[in-house]
Amino acid sequence: MDGPTPSRRRLLAGAIAGGVGAVAGCLGTTDDDPGDGDGATLRLSLSRVDGSLRERYVRDSDDPAERWDEAALDAALAGDSYTIRHREPFYAGPEKPAYVAHKGTYYRLGSLVVDEVAETYPVLRLYETDGAVESAVAADEEGDLPLVDRRAVKIAHFAARARGNVGGYAVGLVERGGYAYRDESDRADSELLDDDGPDHVTYRETTYRVDIERERFHDAVYRPTAQPVAESPERMETVLRARLVGPRIESDELSEAAGRIIDRAAADEYTETHPYSEAYVELLRALDARPYLDGNIRKDAGVGEHDKEMIRHGEAYYERYLRLSGSGDG
């Protein structure tokens with residue numbers, strides 16, 4: 001894709017350097033100040049997406065993403081039979097598609113569930129101790145345990161720390177309130193899983209009691225897929241744009257006042273309280289954010305307090321964020 005033309009954001013940055021940025025509060029987008037409404041406050045910000053969508057979402061087959069299963073990639077591109085248990089081979093999803101370029105063709109990567117396997121794995125859980133412990137093995141990065149156990153303690157620590165506290169932990173790493181030793185080689189290297197393994201460990205200046213339980217898991221079996229979608233960089237960009245990009249906004253289709261709101265949102269953030277100014281209403285319609293125009297916003301389907309979407313303004317892509325606060329009762 002050709003390089004983006006100079007954006008309104010760059011023009012605004014120059015204006016701010018010259019003193020226009022001294023304007024405080026609500027930007028003067030119309031002859032009439034939007035004023036202070038009594039409803040919900042809606043904040044709009046635009047974050048520029050550098051480069052093309054291809055650069056962001058497409059990897060070369062010789063340089064796959066670190067988390068991808070490379071054997072699955074090779075098998076999918078060659079049409080060979082291959083399966084992987086428990087996790088998707090390319091971590092692809094609606095919000096984060098996976099594409100690869102291979103010998104001039106662009107492929108969309110995915111997977112199909114083709115089976116289920118039941119397996120028993122040891123699960124490590126940690127519990128804080130009530131009193132002093134005579135001996136505990138250090139489990140920090142410089143500790144005495146094998147690498148696999150230090151990683152297991154780190155993950156199980158997230159769950160132990162969250163028990164009884166407000167907050168959460170890394171779902172996807174933590175399983176069943178601890179760490180599951182799924183890999184056979186990890187189980188072989190572990191000292192915590194030994195019958196005479198440590199009963200207590202110390203991590204981040206906290207001593208924990210070690211609890212090991214063997215539990216039954218049911219793992220999905222995935223077959224990787226690679227579907228050709230484009231034969232040229234331009235077509236690949238079009239495919240990504242069609243899938244990922246929402247509203248397209250051209251400056252000459254907006255009023256001058258609405259254009260100034262875009263400038264402000266791209267440089268920093270723009271805020272108004274309902275009822276909104278005519279210029280803000282115009283821009284929200286152009287952004288296809290019509291539910292936010294209703295004073296009783298929180299009762300409209302599909303409207304949340306944080307709303308994110310990719311848009312195109314001129315030749316550039318932006319992540320559009322809408323943040324809602326206040327009563328929203330109009």
Within 45° cone and under 6.0 Å: R59 NZ/CZ vs F90 ring: no
Between the side chains of R125 and E215, is the shortest nitrogen-to-carboxylate-oxygen separation below 4.0 Å, so that they form an ion pair? yes
Testing the 3.5 Å rule here: is there a donor-acceptor pair between the side chains of S255 and E282? yes
L322 and L293: same hydrophobic cluster, using ILVMFWY side-chain contacts below 4.5 Å? yes
Distance-only, no hydrogens or angles: does the D288 side chain make a donor-acceptor pair with backbone N or O of P247 under 3.5 Å? no
Which distance, rounded to the nearest 0.5 Å, do you find between the CD of E234 and the OG1 of T238? 8.0 Å
Do the side-chain N and O atoms of E231 and T105 include a donor-acceptor pair separated by under 3.5 angstrom? yes
Any side-chain donor paired with an acceptor under 3.5 Å for Y317 and D50? no
Go through R223 and D115 one step at a time and tell me if the salt bridge (charged side-chain N to carboxylate O under 4.0 Å, His left out) criterion holds. CA-CA 9 Å; R223 185 176 70 219; D115 202 353; over 6 Å; no
What distance do R312 atom CZ and R248 atom CZ have between them, rounded to the nearest 0.5 Å? 7.0 Å
Given P97, which of L109, V58, L244, V239 fulfils the side chain to side chain contact (heavy atoms under 4.5 Å, CB included) condition? L244
Report yes if the side chains of E213 and R176 come closer than 4.5 Å at any heavy-atom pair, otherwise no. no
Is there a salt bridge (charged side-chain N to carboxylate O under 4.0 Å, His left out) between R182 and E175? Walk through the geometry before answering. CA-CA 11 Å; R182 291 177 171 273; E175 292 187 86; 2.8 Å; yes
Flag the pair E319 and R56 as a salt bridge only when some basic side-chain nitrogen lies within less than 4.0 angstrom of an acidic carboxylate oxygen. yes
Hey, can you tell me if H313 and Y318 have their rings parallel, tilted or perpendicular (30° and 60° cut-offs)? tilted
Quick one: CD on Q227 to OH on Y99, what's the gap to the nearest 0.5 Å? 9.0 Å
Is there a continuous path of hydrophobic side-chain contacts, each under 4.5 Å between heavy atoms, that joins L124 to F217? no
Which value, rounded to the nearest 0.5 Å, describes the distance between S61 atom OG and L77 atom CG? 6.5 Å
Measuring from atom CG of D69 to atom CZ of R67, what distance do you get when rounded to the nearest 0.5 angstrom? 12.5 Å
Any side-chain donor-acceptor pair under 3.5 Å between H157 and Y208? yes
Is there a donor-acceptor contact under 3.5 Å linking the side chains of R209 and T129? no
Closer than 4.0 angstrom, basic N to acidic O: yes or no for R260 and E256? yes
Hey, does E272 have a side-chain heavy atom less than 4.5 Å from the side chain of T41? no
Test of understanding: clusters of I, L, V, M, F, W, Y form through side-chain heavy atoms closer than 4.5 Å, transitively. Do I261 and Y321 belong to the same one? no
Validate the cation-pi geometry between R214 and Y121: distance from NZ or CZ to the six-membered ring centre under 6.0 Å, angle to the ring axis within 45°. no
